[in-house]
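Just below is one structure, and these are the notes that go with it.
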There are 2 protein chains.
Amino acid sequence: MPRCRRGRPPWWEPRFQEAGFRLTMPRQAILEVLSNTEEHLSAEEIYLAVHKIYPNVGLTTVYRTLELLVNMGLVFKFDFGDKRARYELSQGPTSKKHHHHLVCINCGRIIDYTDFIDEEKELLRRTEAGLSEKYNFKITHHLIQFYGLCEECQG
Amino acid sequence: MPRCRRGRPPWWEPRFQEAGFRLTMPRQAILEVLSNTEEHLSAEEIYLAVHKIYPNVGLTTVYRTLELLVNMGLVFKFDFGDKRARYELSQGPTSKKHHHHLVCINCGRIIDYTDFIDEEKELLRRTEAGLSEKYNFKITHHLIQFYGLCEECQG
DNA sequence: AATGTTAATGAAAACCATTTTCAATAAGGA
DNA sequence: TCCTTATTGAAAATGGTTTTCATTAACATT
Ligand SMILES: [Mn+2]
Ligand SMILES: [Mn+2]
Ligand SMILES: [Zn+2]
Ligand SMILES: [Zn+2]
């Protein structure tokens, strides 16, 4: 199993360095897969993608790596209601910023949206401030999803 | 197993009537349990509560009934990240209205909040309207949860 | 109140995404 | 290159939820 050293060092390398985790080939492969997709992949989907290039990487490692990446804050883990966790790179140089999701309850399609987030941001800021004070609750993050029917699933 | 007929007919009776579902004892017992709690119970917790009064009601029936109630819109199903679904009566004469949740990532405590929902409502309305138009997405419902540390889990 | 139809039920087994176990491997420092 | 030990893969276990299927009971009809 050859070491993964194609091109320039990826942006996540220093994150592993400073955290003291080993930057192994399976971990790099998983991060590459997540970097090169627009979708919200499940663990098994990531496993299959990695498996094409490195057939000896196991599903267990995919689960373990994803847990690590979530703990490191490099990856977000979502539940869109289809009985399996789905993962998304939390950020990155090329990637989009923080966003919320539209979830089609018919076909399962996920739409990222950032459009109305400016109005939302202000509300969120106020709401979080109010809640923090009222309940003395230290908010760290939030989950906002809208469910409904996508364009193709209406009519 | 005696029929459940204590006191005045509960508010959900007509909902079963018109939907053509049979109002059985296990179903009534489960609705009673959900009516008499402030918590967000799991299927097993509901099962245990029902089991105290009707030991012959099975866990399977609890799951099936909850699925039915969710489909009927009488109950909401939530994922608060503790590996099991949690359920809450969606409304009712005495119950509180639509609300969102604060989830403590340390102790798992769930706080219902309705306080800042008036400001939120307006934002939600605008956001949903904008999203609907932009993506031609017909929004039916939403999920909003704030995660963080509750009063007792800080400092 | 008795009957018939069939939705609803309970116990056990199956399901399946995820986690754990454990011996083998390899990343990175010395 | 050698050592330490974090990391890995295969297989087994886990655990919440669902399915199966024979039995029961809700309730519309007598
Ligand atoms: Mn996304
Ligand atoms: Mn609630
Ligand atoms: Zn759709
Ligand atoms: Zn707490």
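In the text below, chain A, chain B and the rest are named by the order of the sequence lines, each starting its count at 1.
- DNA chain C lies under 4.0 Å from no heavy atom of any residue of residues 69-81 of chain B.
- Classification of the A:Phe76-A:Phe78 ring pair by plane angle, with boundaries at 30° and 60°, yields perpendicular.
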What protein N or O atoms touch nucleotides 3-7 of chain C N or O atoms at under 3.5 angstrom, if any, and at what distances?
unit_1 : atom_1 : unit_2  : atom_2 : d
C:dA7  : O4'    : B:Arg22 : NH2    : 3.3
C:dA7  : N3     : B:Arg22 : NH1    : 3.2

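- Remark: aromatic rings of B:His98 and B:His141 are distant, center separation not under 6.0 Å.
- Rounded to an integer number of Å, the gap from CG of B:Asn56 to P of D:dT23 is 18 Å.
- Nearer the 5' end of DNA chain D, as judged by each residue's closest nucleotide, is the contact made by A:Thr65, out of A:Thr65 and B:Ala43.
- Using modelled atom types and a 3.5 Å distance limit, the side chains of A:Gln145 and B:His142 yield no donor-acceptor pair.
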>> Walk me through whether B:Leu143 and A:Ile144 qualify under side chain to side chain contact (heavy atoms under 4.5 Å, CB included).
In response: CA-CA 6 Å; B:Leu143 173 69; A:Ile144 298 187; over 6 Å; no
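- One distance of note links CD of A:Gln28 with CH2 of A:Trp12; it measures 7.5 Å at 0.5 Å rounding.
- In the helix from C:dA1-D:dT30 to C:dA30-D:dT1, the end axes, each obtained as the rotation axis mapping the C1' atoms of four pairs onto the next four within a five-pair block, lie 40° apart to the nearest 10 degrees.
- Here D:dG16 presents its C1' atom at 14 Å from OH of B:Tyr47, a figure rounded to the nearest Å.
- OP1 or OP2 of C:dT9 sits under 4.0 Å from a side-chain N or O of B:Thr24.
- Pairs passing the side chain to side chain donor-acceptor pair (under 3.5 Å) check and including a residue from residues 59-87 of chain A, sequence neighbours excluded, read A:Glu45-A:Arg86, A:Asp82-A:Arg86.
- Between B:Arg64 atom CZ and D:dT17 atom P the separation is 15 Å, expressed in whole Å.
- Rounded to whole Å, atom P of D:dA10 lies 10 Å from atom CG of A:Leu59.
- Within the model, atoms SG of A:Cys104 and OH of A:Tyr147 stand 12.0 Å from one another, a figure rounded to the nearest 0.5 Å.
- Atoms CD (B:Glu67) and P (D:dT19) sit 8 Å apart, rounded to a whole Å.
- Shown here are the salt bridge (Lys or Arg N to Asp or Glu O under 4.0 Å) partners of A:Arg15, two or more places apart in sequence or in another chain: A:Glu18.
- Taking OG1 of B:Thr24 as the start and CD1 of B:Ile30 as the end, the distance is 7.5 Å to the nearest 0.5 Å.
- Nucleotide D:dA6 holds its C1' atom 13 Å from the CG atom of A:Leu23, rounded to whole Å.
- Taking CG from A:Leu131 and CG from A:Leu124, the interatomic distance works out to 10.0 Å, rounded to the nearest 0.5 Å.
- Looking at heavy atoms from C-beta onward, A:Tyr113 lies in side-chain contact with A:His100 at the 4.5 angstrom threshold.
- Whole-Å rounding puts the A:Gln17 CD to C:dG29 C1' distance at 12 Å.
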> Would A:Ser35 and A:Leu89 satisfy side chain to side chain contact (heavy atoms under 4.5 Å, CB included), going step by step from the backbone distance to the final call?
Replying inline: CA-CA 7 Å; A:Ser35 293; A:Leu89 221 50; 3.5 Å; yes
Taking N or O atoms only and anything under 3.5 Å, show me the protein contacts with nucleotides 12-17 of chain C, one pair per line.
unit_1 : atom_1 : unit_2  : atom_2 : d
C:dA12 : N6     : B:Thr60 : OG1    : 3.3

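- To the nearest 0.5 Å, the span separating CG on A:Leu66 from CD1 on A:Ile46 amounts to 4.5 Å.
- At whole-Å resolution of the value, CG in A:Leu66 and C1' in D:dT8 are 15 Å apart.
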>> Using ring-ring contact (aromatic ring centres under 6.0 Å, His included), reason through A:Phe146 and A:His101 one step at a time and then give a plain yes or no.
In response: CA-CA 6 Å; A:Phe146 293 95; A:His101 295 113; over 10 Å; no
